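Input: a single structure, listed below in C-alpha cells.
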Amino acid sequence: INNSGTIAGTYLNPAVGYRVFTLTNGVYATVDPPGSVNGSSLISINNAGQVVGFSNTATPPDFGSYYLASKGSFSAFPPPGITLPPGASYSFYNDVGAGQTATGGFIAQGSKVTPITPPDGNNVTVNTINNSNQAVGGYFPAKPPSSTANQEGFLYSAGIFTPIYVPGSAVTYTNGISDAGVVVGYYNLAQVFPVNGVPYTPILGFTYLNGA
C-alpha cells in the first residue's frame with residue numbers, strides 16, 4: 001500500500017494464472033502488460049502509483065521480464081540509464097531507488113548503483129528500502145552470532161551495514177522499514193517445541209529502532 005491508500009497485490013485467474021491488480025477508492029484495475037499469458041507477479045508500488053511487476057511472457061531460459069505500469073501505460077523495467085550488477089533482479093521500487101540480489105545486494109538510483117556488502121558474510125537479500133535510502137534484508141554471516149544461528153537481518157544506512165540479530169533465534173530476517181527508520185521483521189526460535197507430538201518452531205515478529 002502507498003501513502004495515498006492505493007493497494008497493489010495479486011489474484012488468481014484460473015485461465016491465465018496470477019495477475020497483478022491495484023485497488024484505488026474501491027475500484028480494481030488489472031495492471032498486467034498486454035500479452036501476459038502465463039501469469040504475473042507484483043514487485044511493489046510507490047507513492048506515485050507506479051507499479052513494478054514481473055510478467056511471465058517469455059519461455060525458458062528467459063522466463064519473463066520486469067515491467068513498469070504507470071497511469072495505464074506499460075514500459076520495460078529498469079528504465080534506461082540503470083546498469084544492474086550481473087545476475088541481479090528487483091524486489092522493490094519506491095520513490096528513490098530499487099534493488100535486489102542474486103550475487104549481492106544493491107540500491108539503484110538513477111544511473112548510480114550502490115552495492116550493499118556485509119563486512120563478514122554473503123548471500124545478501126535486500127527486501128525493501130525507505131525514502132531515506134535505508135535498506136533492510138537478510139544475509140548469512142561468516143561468523144554466526146551463536147551455534148544455533150545461521151542467518152541475520154541487517155540495516156544499511158548511509159554506507160553503514162548493521163547486523164540485526166534477535167538473541168536466541170536461529171534465523172533473524174528484516175523485511176520492512178518505514179520512512180522514520182522503524183524496522184520490522186521476524187525470527188525463528190532455535191528451540192523446537194512439540195505440539196500434539198509434532199515438532200514446531202515458533203516464528204515471531206519484532207520491531208527494531210536505534211539498536212533496540
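Nothing here was measured: the structure is a model prediction, and the numbers come from that model.
In this structure, Thr174 contributes its side chain and Gly137 its backbone to a donor-acceptor pair below 3.5 Å. Side chain of Ser132 to main chain of Gln134: no donor-acceptor pair is present (N/O by atom type, distance under 3.5 Å, no hydrogens or angles).
Other residues, nucleotides and ligands contribute over 12 non-hydrogen atoms within 6.0 Å of the CG atom of Asp120. Within a 6.0 Å radius of OH in Tyr28, other residues, nucleotides and ligands contribute 12 heavy atoms or fewer.
Annotation: side chain of Ile160 is in contact with side chain of Thr162 (closest heavy-atom distance under 4.5 Å). A heavy-atom distance below 4.5 Å is found between the side chains of Tyr66 and Ile43. In this structure, the side chains of Asn175 and Tyr186 come closer than 4.5 Å at one or more pairs of heavy atoms. Side-chain contact between Pro144 and Asn150 is absent, with no heavy atoms from C-beta onward closer than 4.5 Å. Counting heavy atoms from C-beta outward, Phe206 and Ile164 have side chains that approach closer than 4.5 Å. A heavy-atom distance below 4.5 Å is not found between the side chains of Asn56 and Tyr18. Here the side chains of Asn47 and Asn131 are in contact, with some heavy-atom distance below 4.5 Å. Contact annotation: the side chain of Gln151 never approaches that of Tyr139 to less than 4.5 Å [non-hydrogen atoms, C-beta and beyond].
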Verify side-chain contact (heavy atoms from CB on, under 4.5 Å) between Phe154 and Val124, making sure each step is shown before the conclusion. CA-CA 9 Å; Phe154 71 85; Val124 174; 3.8 Å; yes
Start with the C-alpha distance between Tyr165 and Val171, add both sets of side-chain angles, then the distance that settles side-chain contact (heavy atoms from CB on, under 4.5 Å), and finish with yes or no. CA-CA 8 Å; Tyr165 170 67; Val171 172; over 6 Å; no
Show the numbers, then the answer: is there a side-chain contact (heavy atoms from CB on, under 4.5 Å) between Leu42 and Phe21? CA-CA 8 Å; Leu42 171 72; Phe21 74 88; over 6 Å; no
Report the C-alpha separation of Asn2 and Asn46 in whole Å, then their side-chain angles, then the decisive distance to 0.1 Å, and conclude whether the side-chain contact (heavy atoms from CB on, under 4.5 Å) test is met. CA-CA 6 Å; Asn2 65 13; Asn46 67 6; 5.8 Å; no
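Contact detail for Leu12 and Gly17: the closest heavy-atom pair is CD1-C, 3.7 Å. For Val136 against Gly176, the heavy-atom pair with the smallest separation is CG2-N, 3.7 Å. Summarising the geometry of Ala135 relative to Val126, their closest heavy-atom pair is CB-CG1, 4.2 Å, with the distance given to 0.1 Å.
No donor-acceptor contact under 3.5 angstrom links the side chains of Thr22 and Thr6, judged on distance only. In this structure, a donor-acceptor pair under 3.5 Å is present between the side chains of Thr172 and Ser169.
Rounded to the nearest 0.5 angstrom, Ser73 OG and Leu68 CG are separated by 7.5 Å. For the atom pair CG (Leu155) and CD1 (Ile177), the distance works out to 5.0 Å, reported to the nearest 0.5 Å. A distance of 10.0 Å separates OH of Tyr156 from CZ of Phe161, quoted to the nearest 0.5 Å. Between Asp179 atom CG and Asn130 atom CG the span is 5.0 Å, to the nearest 0.5 Å. To the nearest 0.5 angstrom, Ser4 atom OG is 9.5 Å from Asn25 atom CG. Rounded to the nearest 0.5 angstrom, Phe74 CZ and Ser55 OG are separated by 9.0 Å.
Both Val183 and Leu204 are part of a single hydrophobic cluster, where members link through side-chain heavy atoms under 4.5 Å apart.
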